[in-house]
Enquirer: 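Have a look at the structure that comes next, please.
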Amino acid sequence: MPADPMPADPMPALRFPAGFLWGTATSAYQVEGNNTRNQWWLFEQQPGAIWHGDRSGLACDWWNHAEVDFDLMERMGHSAHRMSLEWSRIEPEPGRFDSTAIERYRALLDGLRRRNIRPMVTLHHFTNPLWLEQAGGWENPAAIVRFQQYVRYAVRALGDLCDQWIPLNEPLVYVVQGWVRGIWPPQKTHLLAALRVFRHLLQAHGVAYQTLHANSPGAQVGYALPVRVFQPSDPKRWLDRKAANLKRYLVEHLWVTGAADGKLRFPLGLDEYQHSLADSADFIGINFYTRDLVRFHPDPRRLFGEEHFSPDGEYSDQGRQGVYSEYAPQALHQIVREVNAFHKPIYITENGLPDHDDDQRPRWLLGHLHALYQAIQQGCDVRGYYHWTLTDNFEWSEGWGLRFGLVELDPATQLRRPRPSAALYSAIARTNAISETLVQTYAPELHPILFPTAAPQQQNARKR
Ligand code: FCB
């Protein structure tokens with residue numbers, strides 16, 4: 001007897017692996033409000049520091065009412081959330097730890113867990129206590145020991161509520177903005193100091209890795225790497241290729257290989273081996289927003305390369321001004337494949353775009369998730385995706401001028417209004433899949449790319 005033909009899939013969909021985590025990412029300073037004891041609060045007071053003279057103020061009022069947003073996450077079916085702790089709240093003066101602040105963080109972590117949302121905690125997301133800053137900040141190697149003491153306190157106090165940790169968010173962004181471009185505190189343009197800070201951060205990552213494991217043996221510790229895929233502006237031009245490679249070396253290679261084999265490579269060191277740094281990542285977090293084309297530039301402050309976007313690319317809000325992104329999901333696919341060579345679980349710890357009217361976000365979200373889906377199909381071990389971000393929040397130098405939220409927030413009234421992409425993301429999280437119907441509804445132009453084998457008449461029939 002001839003075999004029965006395979007029954008048609010009732011609802012064609014791109015299905016993600018069982019247990020895949022779906023969530024959003026935030027950072028303390030950007031959402032908590034009134035974080036008055038760190039260097040960013042001071043910086044904000046300077047005229048011209050932040051676009052339009054904006055202030056973080058109450059931010060998203062998480063210190064008082066994060067639970068409002070946790071309820072939203074729960075209603076949207078999210079299974080994970082990446083948040084950060086504010087060091088200056090936990091240790092307002094050197095060596096004095098504040099149990100009230102820790103109690104609040106315990107309540108936050110507990111609140112996530114009770115809603116079946118798995119927390120991932122970042123310990124340093126760009127902000128330092130003022131006392132650390134006044135003692136030379138991360139230029140001073142003493143910061144490593146200070147950081148270790150804070151990490152030890154935090155993991156002992158919170159380790160029963162969280163088992164995924166990221167000591168430092170995007171170390172290189174912190175260094176480049178603060179010491180190379182000089183547009184974030186401490187507003188320096190000093191390459192040697194930049195390298196010193198970067199070296200201390202990499203060492204601090206290794207020390208924090210060991211401290212977290214010593215105090216919470218089941219913990220998983222990783223890093224959140226800012227990945228910008230640097231490509232030569234003119235691939236035929238030797239200087240452009242070298243400039244792009246130099247950026248990739250500085251931005252990714254130094255950190256990723258250092259945290260694998262424990263070596264502080266040039267220009268951070270002369271291959272000195274740091275025992276605490278060797279094999280110091282249980283997972284790799286990728287923060288991905290865009291790719292950059294790099295054209296050679298003789299200025300060392302630009303690290304010998306000028307970044308620019310492709311003239312015929314598609315851009316997010318402010319993208320053409322070079323502030324934010326070019327749509328390049330294939331670059332996410334490329335980087336996930338490259339990072340997979342380290343044989344560690346991968347999380348997309350940030351990905352998103354500023355898009356105040358949400359006219360691009362649904363398509364960008366689907367495009368990036370499709371890139372991830374393809375990488376997973378090809379064997380990459382990707383375990384979760386954290387969209388940046390849940391509600392609009394205080395976007396550093398750009399203040400309230402860039403809107404990254406799935407949910408629109410009016411900081412003056414604290415009113416929240418989900419954008420269409422919040423419902424799209426919720427449907428994906430709930431079903432652990434991207435269905436054909438979702439693509440037809442939110443971004444029909446992507447249908448031929450995401451479902452290339454679907455019959456053309458079916459594609460036409462479902463177009464909006
Ligand atoms: C990342 C930062 C995060 C947020 C997004 C838009 O580089 O880690 O705090 O500002 O960009």
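Each ligand, and each atom within it, is numbered from 1 in the order the structure gives.
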Enquirer: Is it the case that Arg104 places NZ or CZ above or below the six-membered ring of Trp62, under 6.0 angstrom from the centre and within 45 degrees of the axis?
Expert: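 No, Arg104 and Trp62 do not form such a contact.
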Enquirer: Counting only heavy atoms from other residues, nucleotides and ligands, does the tally under 6.0 Å from CZ of Arg419 exceed 12?
Expert: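 Above 12, so yes.
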Enquirer: How would you list all residue pairs meeting salt bridge (charged side-chain N to carboxylate O under 4.0 Å, His left out) that involve residues 253-267, not counting sequence neighbours?
Expert: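 Matches after skipping sequence neighbours: Asp261-Arg265.
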Enquirer: With a 4.0 Å heavy-atom cut-off, what residues sit around ligand 1?
Expert: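 Ligand 1 is contacted, at a heavy-atom distance under 4.0 Å, by Gln30, His125, Phe126, Asn169, Glu170, Tyr289, Tyr324, Glu350, Trp388, Glu395, Trp396, Phe404.
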Enquirer: Any ion pair linking Glu139 and Lys188 (charged N to carboxylate O, less than 4.0 Å)?
Expert: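 Salt bridge: yes.
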Enquirer: Does this structure show an ion pair linking Glu408 with Arg416, if we count only N-O contacts that are shorter than 4.0 Å?
Expert: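 Salt bridge between Glu408 and Arg416, a charged N being under 4.0 Å from a carboxylate O: no.
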Enquirer: Please examine the side chains of Ile102 and Phe97, heavy atoms only from C-beta on, and report whether any two atoms are closer than 4.5 Å.
Expert: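 Side chain of Phe97 against side chain of Ile102, heavy atoms only: no contact under 4.5 Å found.
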